[in-house]
**Student:** 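The structure under discussion is supplied below as structure tokens; questions concerning it will follow.
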Amino acid sequence: MVMIMLITKYIFEPISEMKKAAEQIKTGNLNYPIQFTEGNEIGEFCKEFDKMRIRLKDTILEQHELEKRRKRLIASITHDLRTPLTSIKGYVEALQDGIVKDKETYDKYLATINEKSDLLNHLIDDLSVYTKQELGEFTLNIERIHSGRLLNNYFNHKQYDFKYSDIELVLKKPFISTYINVDPYRMTQILDNLLSNAKKYARTQIIVSTKVIQYHLRISVQDDGEGIPEDFIQNLFDPFFMVNKKKDQKEKGGSGLGLAIVKQLTEAHDGEILVESVLDHGTTFTIEIPIDR
Ligand SMILES: Nc1ncnc2c1ncn2[C@@H]1O[C@H](COP(=O)(O)OP(=O)(O)O)[C@@H](O)[C@H]1O
Ligand SMILES: [Mg+2]
């Protein structure tokens with residue numbers, strides 16, 4: 001009698017339980033946990049079977065998440081590419097129609113076309129990093145670069161973009177002159193993202209400064225904008241994250257990819273990104289890159 005009860009408990013019950021679970025999995029239900037009694041081979045087998053179910057479930061969830069991200073990416077690419085293109089086309093048509101008579105407006109329109117084209121370029125660069133990273137094909141072309149030269153070249157050129165802007169770009173020169181091992185193109189991409197964010201949110205000015213701290217070069221981009229609420233700081237570097245989706249997307253032409261790319265690129269250079277923000281006063285993004293000693 002005891003023997004029969006034991007056989008039922010340790011053999012028949014687990015087998016029937018596993019049969020039920022297998023049927024559930026067959027119909028696509030991966031939420032059915034197997035009840036099993038440990039202690040013998042069949043119990044062990046059930047345990048492994050259940051682990052397999054959990055792994056399968058996780059893989060499927062991961063795939064769903066990936067699929068969702070991909071769909072969001074396509075939706076945001078379409079939106080982000082269309083906005084500057086529509087505006088470029090509008091300005092080009094205005095210039096073609098000959099409605100612009102004075103030199104100043106003409107130059108302003110050209111500057112806007114130039115700015116919107118830069119925005120497109122910048123967006124395509126970010127998307128390229130993001131997709132390459134997803135595919136595991138992202139690489140850096142590291143060169144030993146003189147930081148002062150890189151920063152002077154980059155920011156002196158950027159001054160032109162502020163010629164018709166209400167915002168002033170203040171460069172705290174001289175920039176630190178040292179050597180860093182970076183991919184110059186990717187460094188430009190990091191700075192482009194930080195500067196374009198600062199330009200979107202600043203009220204009157206953006207200050208760019210450099211410093212050396214513990215064998216790292218610090219580059220800071222500080223704006224006097226609305227700031228970022230503390231609760232949002234921890235998600236700031238997540239892909240597609242925006243503090244105020246409607247406003248950021250519509251008024252500022254954002255996609256939420258920029259800072260995720262900046263973080264990824266900075267870390268790929270063994271660096272770090274820091275953010276300090278005070279509501280109503282402004283935000284400072286700082287990147288730290290190791291100095292070549
Ligand atoms: N300098 C800044 N001041 C205030 N908010 C900012 C600043 N930089 C970024 N943000 C917030 O962080 C979000 C994510 O930035 P980012 O990843 O560059 O995306 P995007 O610029 O495409 O919106 C922005 O949508 C904005 O809400
Ligand atoms: Mg941005």
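Both ligands and their constituent atoms are indexed starting at 1 by order of listing.
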**Student:** Output yes when the distance from some N or O of ligand 1 to some N or O of Leu236 is under 3.5 Å, and no in every other case.
**Tutor:** no

**Student:** Using 2.8 Å as the threshold, say whether any N, O or S atom from Asn193 sits that close to the Mg ion (ligand 2).
**Tutor:** no

**Student:** Could you tell me if any non-hydrogen atom of Asn193 lies under 4.0 Å from any atom of ligand 1?
**Tutor:** no

**Student:** Which residue and non-hydrogen atom of the protein lie closest to atom 22 (O) of ligand 1, and at what distance in Å?
**Tutor:** Ser255 N, 2.6 Å

**Student:** With rounding to the nearest 0.5 Å, note down the distance linking CG in Leu110 to CG in Leu95.
**Tutor:** 5.5 Å

**Student:** Answer yes or no: does an N/O atom from Asn197 fall short of 3.5 Å to an N/O atom of ligand 1?
**Tutor:** yes

**Student:** So which protein heavy atom does atom 24 (C) of ligand 1 come closest to, and at what separation?
**Tutor:** Tyr201 OH, 3.6 Å

**Student:** Any heavy atom of Gly256 closer to ligand 1 than 4.0 angstrom?
**Tutor:** yes

**Student:** Taking only heavy atoms of Asp223, which atoms of ligand 1 are found under 4.0 Å from at least one of them?
**Tutor:** 1 (N), 2 (C), 3 (N)

**Student:** Between Lys20 and Glu23, is there a salt bridge with N-O shorter than 4.0 Å?
**Tutor:** no

**Student:** Would one find an N or O of Lys200, backbone or side chain, under 3.5 Å from an N or O of ligand 1?
**Tutor:** yes

**Student:** Can you tell me if Phe237 contacts ligand 1 (heavy atom of the residue under 4.0 Å from the ligand)?
**Tutor:** no

**Student:** Going by an N to O cut-off under 4.0 Å, is there a salt bridge joining Asp50 and Arg53?
**Tutor:** yes

**Student:** Apart from Ile207 itself, what residues make up its hydrophobic cluster, given side-chain heavy atom links below 4.5 Å?
**Tutor:** Val170

**Student:** Less than 4.5 Å apart, any side-chain heavy atom of Leu195 and any of Phe162?
**Tutor:** yes

**Student:** Between His122 and Asn193, does any side-chain donor sit less than 3.5 Å from a side-chain acceptor?
**Tutor:** yes

**Student:** Which is it for Phe232 and ligand 1 at heavy atoms under 4.0 Å: side chain, backbone, both or neither?
**Tutor:** neither

**Student:** Atom 16 (P) of ligand 1: which protein heavy atom is closest, and how many Å away?
**Tutor:** Leu259 N, 3.6 Å

**Student:** So for ligand 1, is Val243 a polar contact partner (N or O within less than 3.5 Å, distance only)?
**Tutor:** yes

**Student:** Going by the atom numbers of ligand 1, which of them fall below 4.0 Å from some non-hydrogen atom of Phe241?
**Tutor:** 13 (C), 14 (C)

**Student:** Compare all side-chain heavy atoms of Glu17 with those of Cys46 and state whether any distance is below 4.5 angstrom.
**Tutor:** no

**Student:** Does the distance from a Lys or Arg side-chain N to an Asp or Glu carboxylate O, for Lys263 and Asp238, drop under 4.0 Å?
**Tutor:** no

**Student:** Provide, to 0.1 Å, the distance between atom 5 (N) of ligand 1 and the closest protein heavy atom, together with that atom's residue and name.
**Tutor:** Ile228 CG1, 3.4 Å

**Student:** Got the closest protein heavy atom to atom 25 (O) of ligand 1, with its distance?
**Tutor:** Asp248 OD2, 3.1 Å

**Student:** Looking at Glu288 and Arg218, is any side-chain nitrogen of the basic one under 4.0 Å from a carboxylate oxygen of the acidic one?
**Tutor:** yes

**Student:** Could you tell me the separation between the CG atom of Leu66 and the CG atom of Leu61, rounded to the nearest 0.5 Å?
**Tutor:** 12.5 Å

